[in-house]
Amino acid sequence: MGIYGEKLVSSGSNFMRKYFTSEAIRVYFDVTETYCFHKIRLVICPFLARGSWARASENVQSVGLKYKPPRSDVHAPDLFIPFCSYWTYVLLSCFRQSFLFSDFTPDSVAKHAWWASLAWFCHWIFLVISLRSCGAGNTASSLDVLSYTGYTFLLASCGLCGKSMKAWLGWASIGWGSLVSSIFIVKTMKRITFSESRNRATQNSGYNTAAGYTQSKSAAANYVFLVAACAQFPLQLFLISRA
């Protein structure tokens, strides 16, 4: 089973990297079966994660300090799981419409994909604005934020599975998905705002400037984190109730 899973992840990753030729994008699909397992566990149960959420880095010759790819760091963002979760959510929505309501049409795929894309885009814009409000807008790239917001579909897909079995499981999934998504997003935003921004400020201006930056931004950032956490409930409610 493990060998089959490794081959499945490897073939999917190679397929993605084949059509995303840019090296800056291909690194987001550099995943393994082990990474996917631990990343999914981290998203679904983030409170079980032990230790720091800081990303692992390494010194690369002629490049300098560089973050490790997803295959070597569970806290690194990837786009393999978000894209797979996105299409899983779309197909589950179509499955429910076909077998539970018997009103499926080919246009339903485009409709669910459109609403899911809209939700992803709005979540991405919201998180970009939130990070800019914390003064960390230039720390995380747009693809990093796209990755972090894409993990929402993993939780929404689990919620749709629960909703398809029992109505109360759907509501429980919305509550659980909102809770763990809030924890994951807040912990990720804290790492970007304080740890990664401080490291960048240290490289550019020295330790004292970085320390002052962290102290001046911490109070305002807490309110932004609270808003970002509260926004996860209506997002999960929209994704699961819409399907």
Side-chain angles (χ1 to χ4, degrees), residues 16 20 24-25 28-29 39-40 42-44 46 76-97 107-163 170-171 173-193 196-197 220-243:
M16 292 292 191
F20 292 95
I25 298 179
Y28 289 90
F29 297 98
K39 191 69 171 189
I40 291 173
L42 181 68
V43 174
I44 295 178
D78 75 283
L79 288 173
F80 179 79
I81 294 176
F83 275 121
C84 290
S85 301
Y86 168 83
W87 283 111
T88 300
Y89 169 81
V90 171
L91 294 177
L92 282 174
S93 300
C94 295
F95 174 84
R96 282 177 46 80
Q97 187 174 356
D107 293 338
S108 299
V109 178
K111 183 187 72 174
H112 290 299
W114 159 252
W115 283 111
S117 299
L118 181 63
W120 195 351
F121 176 76
C122 292
H123 194 196
W124 176 77
I125 288 292
F126 171 77
L127 197 61
V128 168
I129 295 175
S130 298
L131 290 172
R132 288 187 179 275
S133 301
C134 298
N138 296 326
T139 303
S141 68
S142 299
L143 291 176
D144 286 354
V145 180
L146 188 69
S147 170
Y148 297 136
T149 53
Y151 296 125
T152 303
F153 291 102
L154 174 61
L155 300 169
S157 297
C158 295
L160 282 185
C161 291
K163 183 181 178 181
W171 288 105
S173 298
I174 292 174
W176 178 264
S178 303
L179 175 63
V180 297
S181 182
S182 299
I183 296 174
F184 178 82
I185 288 294
V186 169
K187 282 184 172 291
T188 301
M189 289 181 66
K190 281 186 175 181
R191 184 195 70 206
I192 295 172
T193 303
E196 295 179 13
S197 294
N222 288 332
Y223 293 102
V224 178
F225 298 154
L226 178 62
V227 173
C230 294
Q232 301 309 308
F233 177 77
L235 178 62
Q236 287 292 321
L237 180 63
F238 171 80
L239 289 175
I240 297 177
S241 62
R242 181 75 189 179

Would you say [X]'s side chain and [Y]'s backbone share a donor-acceptor pair under 3.5 angstrom?
| X | Y | result |
| --- | --- | --- |
| Thr193 | Lys190 | no |
| Tyr89 | Leu239 | yes |
| Lys39 | Pro77 | no |
| Ser147 | Asp78 | yes |
| Trp124 | Ala119 | no |

Side-chain donor-acceptor contact under 3.5 Å, Tyr28 with Ser141: yes
Give me the atom names and distance for the closest heavy-atom approach of [X] to [Y].
| X | Y | answer |
| --- | --- | --- |
| Val224 | Ser133 | CG2-CB, 4.1 Å |
| Ser173 | Gly162 | OG-CA, 4.3 Å |
| Ile44 | Cys158 | CD1-SG, 4.4 Å |
| Ile174 | Ser178 | O-OG, 2.6 Å |
| Ala156 | Ile240 | O-CG1, 4.1 Å |
| Ser117 | Ala113 | OG-O, 2.7 Å |

Sub-4.5 Å side-chain heavy-atom contact between [X] and [Y]:
| X | Y | result |
| --- | --- | --- |
| Phe83 | Thr88 | no |
| Thr188 | Phe184 | yes |
| Trp120 | Leu146 | yes |
| Ile192 | Tyr148 | yes |
| His112 | Arg96 | no |
| Val180 | Val43 | no |

Candidate pair Ile129 and Ile125, rule side chain to side chain contact (heavy atoms under 4.5 Å, CB included), full reasoning: CA-CA 6 Å; Ile129 295 175; Ile125 288 292; 3.7 Å; yes
Steps toward side chain to side chain contact (heavy atoms under 4.5 Å, CB included) verdict (Ser130, Val227): CA-CA 9 Å; Ser130 298; Val227 173; 6.0 Å; no
Stepwise side chain to side chain contact (heavy atoms under 4.5 Å, CB included) check, Leu235 with Thr152: CA-CA 9 Å; Leu235 178 62; Thr152 303; 3.6 Å; yes
Which distance, rounded to the nearest 0.5 Å, do you find between the [atom1] of [X] and the [atom2] of [Y]?
| X | Y | atom1 | atom2 | result |
| --- | --- | --- | --- | --- |
| Phe153 | Tyr86 | CZ | OH | 6.5 Å |
| Ser85 | Leu79 | OG | CG | 11.0 Å |
| Ile81 | Ile40 | CD1 | CD1 | 5.0 Å |

Side chain to side chain contact (heavy atoms under 4.5 Å, CB included) between Cys161 and Leu92, worked out: CA-CA 8 Å; Cys161 291; Leu92 282 174; 3.9 Å; yes
Pairs meeting criterion side chain to side chain donor-acceptor pair (under 3.5 Å) with involvement of residues 229-243, two or more places apart: His123-Gln232, Ser181-Gln232
